[in-house]
Amino acid sequence: MRDLAYLKLMAREYPTVRAASSEIINLNAICGLPKGTEYFFSDLHGEYEAFIHLLRSASGVIRVKIRETFGYVIPEEEQIEIANLIYYPDRNLAKLRHEGKNTEDWKRITIYRLVEIGKVVGSKYTRSKVRKKMPKDFAYVMDELLHVDYNDENKRVYFEEIIRSIIETPVADNFIVALCELIQNLVIDSLHIIGDIFDRGPRADIIMEELMNFHDVDIQWGNHDISWMGAATGNPACVCNVLRIAISYNSFDVLEDGYGINLRPLSMYASRVYRDDPCERFQPKILDENIYDAVDPGLAAKMHKAITVIQLKVEGQIIRRHPEYEMEKRLLLEAVDYANGTVTVEGQVYPMLDNRFPTIDPADPLKLTEEEEELLHTLVTSFRHSDLLQKHIRFLYSHGDIYKCHNGNLMYHGCIPMREDGSFEAMTCGGRPLSGKALMDYISTQVRKAYFLEEGDAEKESARDFMWYLWSGAKSPVFGKDRIATFENYFIEDKLTHKENFNPYYQLSQQEEVCDRILAEFGLPTEGSHIINGHVPVKIKDGETPVKANGKLFVIDGGLSKAYQKKTGIAGYTLIYNSHHLALAEHMPFHPDRENTPKVAIVEKMKSRVMVADTDDGRELHERIEDLKELVAAFRRGDIKESTRRE
């Protein structure tokens, strides 16, 4: 029997046998519905236009639903027009008004078509769940339209009268917008982001706003997210890293217009200290033009070099503080022969491509100058005092984690560190060797300590340093390489020194038995479960496939970031899991003025339709049902009195 005190608490919500029994009936009915559709995205990298289009179009599924609804009744070009209206209703309505096409006839036909699509996409949900997604002002009317019985002549007239009344009032356009947004909302039941929202692309802040407004989303942190989270905690190395990458990709808008980071002190410092330095190795990549904060490429290169040198210094200081990181070989500023312009890496001497270091003392290369100290303090303060950044980072904490198990899927961004023999790689954490799930759980705890512990707490300082290790450490699951070759890429010509070797996981995980071992480690059944991760772009043009290990592993980073699209040949993937199947949507490089519908292909059919009862939510509902049954029994035994109070 359930604890009596707990049942008494439940009785406040369900005060009678009738109320509790009614809820049992309701929950059992919900368990008999098909599961909602889950969407998995990875490696968004600030590409807000492409991501928002994929979100609003449900990665091509809305086009499929339109085709299913109308078949060959309406021509293809009209189906595309309806799809574009659903994706961007305000924009398309404004265009139609300008062209004089937003007539009463058009509105009548459009509302009818949108209602039909709404019925299709809402059919797997309870009426109450659909209604909760409707705007309050239109909820009653929408609910009526979506549930009209056309076989009833009286109801058909009723339907037509509702539409006529909508069109005759000034709210018709608002009603159409609300219908479009409802359809978007119903197609994607839940959203999983498998890491790397930040860096490379122009506006990660806009993506974060979109995610915060979404009804059901979770995030598995990627290495680039961790870097921004570390910067928000005040880790100087992470602040420098975030700035270095943003400047190197000409992403000034996200820093200054998006998050209000004051870059003027850095620009003034860099233009003076590197005044006569062409900074040829630090020219930014111009993948996107800044709209609000255009910066001269020459000045950007100087800022890029200035922050890189500071980053290398403060990273070296972290390595010195933490011998347990085993990263002494990355102290490359100390390996430079400043007199001869060479550097020794792994015992090999290389000429430096750039040997202008006015702020480095060869006798103590990791020491910051007073001016660098002051500049770094200003930059760290700017990150910590950015209200919007802190709001976004808190959302990453509240809706995110290092991994997630849900509905038989294990999600994480990078890897589970492994040795060549297939065993889990251990990392010394707090004096104990941890690996596999235990390591991931430890990392989750440390990441939270770095942000939430009080300033001055020794544990917070250690956890804050650990945030940087997660960005670039060999045993970090979100990094997953033996080293990060930042220094070599800037200063050494030999491409062999630029190579970052992947953890054995990336080869081993292509074997089904290895995936089974990982799934078992996280308590998931090997039959019917999957691993879903990103981090490593799948080069489809070279014959690679995102489906690996006989369907046990999905790697869905296909290059949404423009920086990767030449390597991959596409623009990423969406993994879609509905009640019938798993499907992959293959994205095309996004262009605002052309058709961008992805190609959707089924990659695994379910043995039988997956119902809510078969999901994690269903198991929770079943527990709730058992609790309610106990409550009914307690009422009938007289252990708890039914309430006679009228609401």
| query | Roughly how far apart are D361 CG and L333 CG, rounded to 0.5 Å? | reply |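 Nearest 0.5 Å value for the CG-CG distance: 12.0 Å.
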
- Stepwise, does the side-chain contact (heavy atoms from CB on, under 4.5 Å) test hold for F40 with N409? CA-CA 11 Å; F40 304 78; N409 294 312; 3.9 Å; yes

*Would you call K367 and E372 a salt bridge, taking side-chain N to carboxylate O under 4.0 Å as the test?*
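Not counted as a salt bridge, because no side-chain N and carboxylate O are separated by less than 4.0 Å.
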
Strictly by ring pair (Phe, Tyr, Trp, His ring centres under 6.0 Å), give each pair with a member in residues 311-332 just once, sequence neighbours left out.
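As it turns out, the ring pair (Phe, Tyr, Trp, His ring centres under 6.0 Å) pairs with a partner in residues 311-332, which skip direct neighbours, are H322-Y325, Y325-Y469.
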
Rounded distance [0.5 Å steps], CG in D218 versus CE in M411: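 D218 CG to M411 CE: 5.5 Å, rounded to 0.5 Å.
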
* State the CG-OH distance between L191 and Y39, to the nearest 0.5 angstrom. =>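 Spacing of CG (L191) from OH (Y39) equals 10.0 Å.
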
Checklist line | Side chain proximity check, V514 to Y505, heavy atoms < 4.5 angstrom | finding: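 In short, these two side chains do not touch, never coming nearer than 4.5 Å.
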
Item to check | Spacing of N235 atom CG and E461 atom CD [to the nearest 0.5 Å] | outcome: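 Between N235 CG and E461 CD, I get 9.5 Å after rounding to 0.5 Å.
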
* Does any N or O in the side chain of E47 come within less than 3.5 Å of the main-chain N or O of G201, such that one atom is a donor and the other an acceptor? ->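 No, because the side chain of E47 does not come within donor-acceptor range (under 3.5 Å) of the backbone of G201.
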
**Prompt:** Is it true that the NZ or CZ of K305 lies under 6.0 Å from the centre of F357's six-membered ring and within 45 degrees of the ring axis?
**Reply:**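 Yes, K305 lies over the aromatic ring of F357.
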
Do the side chains of R320 and L331 get nearer than 4.5 Å, heavy atoms only?
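Counting from C-beta outward, L331 and R320 do come under 4.5 Å.
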
*asked:* Do E280 and D354 have side chains that approach each other closer than 4.5 Å (heavy atoms only, starting at C-beta)?
replied: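 Heavy-atom side-chain distance check fails, nothing below 4.5 Å.
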
- Task: May I ask you to check whether Y490 and H304 place their ring centres under 6.0 Å from each other?
- Result: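 Under 6.0 Å, so yes.
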
For this session: Find out whether Q390 and F383 are in side-chain contact, i.e. whether some heavy atom of one side chain is under 4.5 Å from a heavy atom of the other.
Result: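 They are not in contact (no side-chain heavy atoms under 4.5 Å apart), so the answer is no.
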
*State whether the side chain of S382 and the backbone N or O of N262 hold a donor-acceptor pair below 3.5 Å, judged by distance alone.*
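Yes: the side chain of S382 pairs with the backbone of N262.
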
Between D199 and H45, is there a side-chain donor-acceptor contact under 3.5 Å, judged purely by atom types and distance?
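Looking only at side-chain atoms, D199 and H45 do not form any donor-acceptor pair under 3.5 Å.
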
| Strictly by modelled atom types, are S444 and D401 linked by a side-chain donor-acceptor pair under 3.5 Å? |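 Yes, because at least one side-chain N or O of S444 sits under 3.5 Å from a partner of the opposite role on D401.
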
Before giving the answer on side-chain contact (heavy atoms from CB on, under 4.5 Å), spell out for L434 and M427 the whole-Å C-alpha distance, their side-chain angles and the decisive distance to 0.1 Å. CA-CA 5 Å; L434 298 177; M427 179 181 177; 5.8 Å; no

So with a 6.0 Å cut-off around CG of N213, is the heavy-atom count from everything else above 12?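 Yes, enclosed.
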
- Item | Sidechain-backbone polar pair: N250 side chain, P284 backbone, donor-acceptor under 3.5 Å |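 Not at all, since once roles are kept as given, no pair shorter than 3.5 Å links the two residues.
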
Check whether D225 reaches the backbone of I197 with its side chain - one donor and one acceptor, N or O, closer than 3.5 Å.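 Answer holds: yes.
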
Side-chain donor-acceptor contact under 3.5 Å, N241 with W468 =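 Per modelled atom types, N241 and W468 side chains form no pair under 3.5 Å.
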
K495, K329, R483, K499 screened by salt bridge (charged side-chain N to carboxylate O under 4.0 Å, His left out) with E488, the one that passes
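Among the candidates, only R483 passes.
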
Straight-line distance of I492 CD1 to F487 CZ, nearest 0.5 Å: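 Result: 6.0 Å between the selected atoms.
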
I'd like to know if the side chain of S476 and the backbone of L470 have a donor-acceptor N/O pair within less than 3.5 Å.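 Yes: the side chain of S476 pairs with the backbone of L470.
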
**Asked** Using a distance-only test with no angle check, is there a side-chain donor-acceptor pair under 3.5 angstrom linking H392 and D205?
**Response**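 Distance-only check fails for H392 and D205.
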
key: Heavy-atom closest pair, residues K475 and L439   =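 Smallest heavy-atom distance, with atoms named: O-CD2, 4.2 Å.
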
Report task. Start with the C-alpha distance between S423 and D421, add both sets of side-chain angles, then the distance that settles side-chain hydrogen bond (donor to acceptor under 3.5 Å, both in side chains), and finish with yes or no. Result -> CA-CA 6 Å; S423 60; D421 63 4; 2.6 Å; yes

> Got F282 and Y274 here, is their nearest side-chain heavy-atom distance under 4.5 Å?
Replying inline: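 The answer is no; the side chains never approach within 4.5 Å.
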
(Q) Counting the benzene-type ring for Trp, do F452 and Y397 have ring centres under 6.0 Å apart? (A)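 Yes, the ring of F452 comes within the 6.0 Å limit of the ring of Y397, centre to centre.
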
Is K460 reaching over with its side chain to a backbone N or O of L453, donor-acceptor style, under 3.5 angstrom?
->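 Yes, the answer is positive, given that a donor and an acceptor are paired below the 3.5 Å cut-off.
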
Donor-acceptor check, side chain of S42 to backbone of I194, threshold 3.5 angstrom: yes or no?
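At least one qualifying donor-acceptor pair exists.
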
Return the OG to CZ distance between S462 and R321, rounded to the nearest 0.5 Å.
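It comes to 9.5 Å.
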
